[in-house]
Amino acid sequence: GLLGDDPKDDLNLGKKHYRENSFGLAEQHFRRAVEMGPKSVEAWVGLAASYDKLKRFDLADRAYQQAIRLAGPTTEILNNQGYSYMLRGDYKPAHAALAAARRKDPANKFVQNNIRLLEESYSKGKAIE
């Protein structure tokens with residue numbers, strides 16, 4: 001079947017482990033999912049988000065870039081990238097990514113929430129946790 005159709009495929013197992021905060025297992029499944037389906041934007045974004053949680057920002061950046069190559073700078077990818085930069089305490093690129101996401105979808109509650117988080121973390125002078 002197609003990637004994502006089977007609840008036991010790597011994409012769905014990656015999502016399951018991510019939701020359970022098992023980011024190492026999520027990363028393993030998302031990595032296998034991108035190996036099996038290298039054009040799956042969802043798998044690349046899941047892999048990038050897992051790398052963010054594991055503080056492997058170098059690998060997260062590469063996975064986000066691959067997702068952008070496949071789908072363009074979507075609201076979801078820009079929002080996730082902004083969050084990734086916030087995790088590092090890197091406010092300027094976080095703001096740029098989130099502002100771009102907001103321009104694409106001004107009503108997106110996830111983007112709005114991350115902009116609020118960015119403002120709070122910037123005023124406290126430390127990265128989000």
Side-chain angles (χ1 to χ4, degrees):
L2 294 172
L3 199 59
D5 287 347
D6 177 355
K8 297 258 190 263
D9 73 12
D10 283 309
L11 181 62
N12 283 309
L13 288 170
K15 290 180 195 178
K16 173 184 176 290
H17 289 299
Y18 190 92
R19 283 191 302 271
E20 295 169 351
N21 297 322
S22 298
F23 303 115
L25 288 171
E27 179 272 336
Q28 290 174 11
H29 286 287
F30 284 127
R31 190 165 19 90
R32 279 200 294 261
V34 300
E35 289 166 359
M36 296 292 293
K39 293 188 191 257
S40 172
V41 174
E42 191 176 14
W44 282 109
V45 171
L47 182 61
S50 298
Y51 284 141
D52 281 336
K53 294 293 190 174
L54 296 169
K55 299 190 181 334
R56 290 300 314 271
F57 301 119
D58 56 328
L59 297 174
D61 287 343
R62 292 197 338 221
Y64 285 126
Q65 286 307 314
Q66 185 59 32
I68 288 170
R69 274 194 283 282
L70 292 168
T74 67
T75 301
E76 178 190 17
I77 296 169
L78 290 167
N79 182 59
N80 284 20
Q81 264 188 321
Y83 186 81
S84 176
Y85 289 124
M86 275 197 290
L87 288 172
R88 311 169 206 194
D90 206 346
Y91 301 117
K92 194 169 188 169
H95 181 269
L98 292 171
R102 181 172 49 194
R103 283 191 300 276
K104 286 183 169 291
D105 187 359
N108 186 295
K109 65 184 181 195
F110 300 106
V111 174
Q112 292 171 355
N113 186 53
N114 280 342
I115 289 171
R116 194 168 33 259
L117 272 175
L118 177 63
E119 290 166 354
E120 289 169 9
S121 97
Y122 185 75
S123 68
K124 292 176 185 168
K126 64 179 190 178
I128 61 170
E129 299 182 9

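The shown structure was predicted, so the numbers you read here are calculated from the model rather than taken from an experiment.
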Kindly state each residue pair satisfying salt bridge (charged side-chain N to carboxylate O under 4.0 Å, His left out) with at least one member in residues 99-125, sequence neighbours excluded.
none
Suppose the criterion is salt bridge (charged side-chain N to carboxylate O under 4.0 Å, His left out): which pairs have a residue in residues 41-51, not counting sequence neighbours?
Lys15-Glu42
For Glu76 and Ala101, indicate whether the former's side chain and the latter's backbone hold a donor-acceptor pair under 3.5 Å.
no
Note: Ala63 and Ala48 closest approach over all heavy atoms is CB-CB, 3.6 Å
May I have all residue pairs that pass ring pair (Phe, Tyr, Trp, His ring centres under 6.0 Å) and include part of residues 23-51, sequence neighbours excluded?
His17-His29, Tyr18-Phe23
So do the side chains of Ile68 and Gln81 get within less than 4.5 Å of each other, counting heavy atoms only?
yes
Could you work out, with side chain to side chain contact (heavy atoms under 4.5 Å, CB included) as the rule, every residue matching Phe110, not counting sequence neighbours?
Asn79, Asn108
Rounded distance (nearest 0.5 Å) linking atom CG of Asp61 with atom CG of Asp52:
8.0 Å
Apply side chain to side chain contact (heavy atoms under 4.5 Å, CB included) to Arg62 and list each qualifying residue two or more places apart in sequence or on a separate chain.
Leu59
Closest heavy-atom pair and its distance - Gly14, Ala26:
O-CB, 3.5 Å
Using a 4.5 Å cut-off on heavy atoms from C-beta on, say whether the side chain of Val41 contacts that of Ile77.
yes
Leu117 and Tyr83, any side-chain heavy atoms less than 4.5 Å apart:
yes
For Ala33 and Ala43, work out which heavy atoms get closest and say how close.
CB-CB, 3.8 Å
Could you tell me whether Asp58 and Arg56 make a salt bridge, using a distance below 4.0 angstrom between a side-chain N and a carboxylate O?
yes
Shortest non-hydrogen contact between Leu54 and Gly24, atoms and distance
CD2-N, 3.9 Å
When you measure from the side chain of Ser50 to the backbone N and O of Gly46, does any donor-acceptor pair fall under 3.5 Å?
yes
Going by the rule side chain to side chain contact (heavy atoms under 4.5 Å, CB included), which residues pair with Lys16 if we only count those two or more places apart in sequence or in a different chain?
Leu13, Arg19, Glu20
Once you round to the nearest 0.5 Å, how far does CG of Leu11 lie from CE of Met36?
12.0 Å
How far does CG of Asn114 sit from OG of Ser121, to the nearest 0.5 angstrom?
10.0 Å
Between the side chains of Gln66 and Arg69, does any donor sit under 3.5 Å from an acceptor?
yes
Atom CD of Glu27 and atom CZ of Arg32: how far apart are they, to the nearest 0.5 Å?
9.5 Å
Please round to the nearest 0.5 Å and tell me the distance separating atom OH of Tyr85 and atom CG of Asn80.
12.0 Å
Return yes if some donor-acceptor pair links the side-chain N/O of Ser22 with the main-chain N/O of Leu25 below 3.5 Å, else return no.
no
Where Pro73 and Leu78 come nearest, the two heavy atoms and their spacing:
O-CD1, 3.4 Å
